[in-house]
Amino acid sequence: MPKSPFLLEAQARDLIFQCTDLDALDEAMLAGPITAYVGFDPTADSLHVGNALSIMALRLLQKHGHRPIALMGGGTAKIGDPSFRDEARSLITNETIAHNIAGIEKSLRQFITFSDEDPSSGAILANNADWLDKLSYINLLQDVGAHFSISRMLSFDSVKQRLEREQGLTFLEFNYSILQSYDFRELNRRHGAVLQMGGSDQWGNIVSGIDLARRTDGKQIFGLTTPLVTTSSGAKMGKSANGATWVRAERLPVFEYWQFWRNTEDADVGRFLKLFTDLPIEECERLGALEGADINDAKKILATEATAICHGRAAAEDAAETARRVFEQGSAQAALPEIDLPATLIAEGLPAFRVFQEAGLAASGGEARRLIRGGGGRVNDVVISDENQTFTLDDLRDGTLKVSSGKKKHILLRPV
């Protein structure tokens, strides 16, 4: 059982899946504050709930007085992480990478405090393009090439699974592990980082970085991974019918973010409270043990607490109140998420199935038709039975159409 406050709480919250040397890391943390990092691939301009566990690990680390580093993969994004992917990532331009990094920084600022806000212990924002872009290939081979065994790299689960599927692995992607290892050593040299954290799929890359620092610098550094989180039904965390659950309000309205957590399966409530909120562990366990109708109250607490961390307490409570009035009173229409719609579309008459597509509640016309046929589609709180029923500007209420899928998803379409 660890004694350092961070590891003690991380273990109690089930945040730890693997650690390279838990006892030695525990001793290092007891001796004083350490610096640890998590890497983020700038493949989109927002993080999503699938990244939340690594972010919560950084948040907990900072809570206990240690310094986090958020490493942007501005250099490695030009290669793409092949870990557990069926095919190579599409390469992205420097302009897109810069845009995405700016968005990810905004995402992270919702969870952790950076050095410009707190110079004493605020997080450091780093970008591996600062050193990777300057590397000479020959110098890299001479410096680190001799320390990487091809047979060992081929033994990594992320590589083996790709090759077993006969998808192939380009030499470009094969270099990713080497560059990530280089990052760990570089952050240790520049900022004294002694711990890399990440998802369980990063274990092989993390261990490689530890081995490189030991071989070239004689340093002992550590790795810790968080578990892969799936729901009780087996779904991957952070995915919904409409795609990723983004943490930036520009990508996903706060109400929809709150609703994502409110829709947690009963069996996952206690576990998710421990992983994704700051509530005391005893309270998480108490709420998770509730049964029957009472578990719905626990889900609302989970939704509000998780949303408060991401979007602030006021926005979380507004979302909770909106949900209460929508689902319990059938009101609060003005607080629902809005989507702009070209007025010309509805002026000419928009069929019902298109209305659900435009609202983002159906990915295709076929899906929208199935929703309507199943009785799950409503416009202005009226069940739609005819998928070709047309809606015009005359159907607007207070300038919008309220479009609903089932009882829990509501969008306002506002013609502009």
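For the side-chain hydrogen bond (donor to acceptor under 3.5 Å, both in side chains) test, residues two or more places apart in sequence or in another chain that qualify with Thr216 are Arg185. In this view, Asp294 satisfies the salt bridge (charged side-chain N to carboxylate O under 4.0 Å, His left out) rule with no residue, not counting sequence neighbours. Applying the side-chain hydrogen bond (donor to acceptor under 3.5 Å, both in side chains) test to Asn296 and every residue at least two apart in sequence or in another chain returns nothing. In this structure Asp133 satisfies the salt bridge (charged side-chain N to carboxylate O under 4.0 Å, His left out) test together with Lys78, sequence neighbours excluded. Under the rule for a side-chain hydrogen bond (donor to acceptor under 3.5 Å, both in side chains), Thr344 has no partner lying at least two apart in sequence or in another chain.
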Throw together a table of side-chain donor-acceptor distances under 3.5 angstrom for residues 53-61, partners on residues two or more places apart or in other chains.
| unit_1 | atom_1 | unit_2 | atom_2 | d |
| --- | --- | --- | --- | --- |
| Arg59 | NE | Asp278 | OD1 | 3.3 |
| Arg59 | NE | Asp278 | OD2 | 3.1 |
| Arg59 | NH1 | Phe111 | O | 2.7 |
| Arg59 | NH2 | Asp278 | OD2 | 2.6 |

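Within 6.0 Å of CD in Glu250 there are more than 12 heavy atoms belonging to other residues, nucleotides or ligands.
Paired with Phe184 under the rule ring-ring contact (aromatic ring centres under 6.0 Å, His included), one option of Tyr37, Phe222, Trp131 passes, and it is Tyr37.
A donor and an acceptor atom, one from each side chain of Asp41 and Thr43, are nowhere located under 3.5 Å apart. When only modelled atom types and interatomic distance are considered, Asp183 and Gln180 share no side-chain donor-acceptor pair under 3.5 Å. For the residue pair Thr304/Thr307, the side-chain donor-acceptor check at 3.5 Å is not satisfied.
Lys274 has no carboxylate O lying under 4.0 Å from a charged side-chain N of Glu282, or vice versa, which leaves the two without a salt bridge.
Residues Trp261 and Phe276 bring their aromatic ring centres within 6.0 Å.
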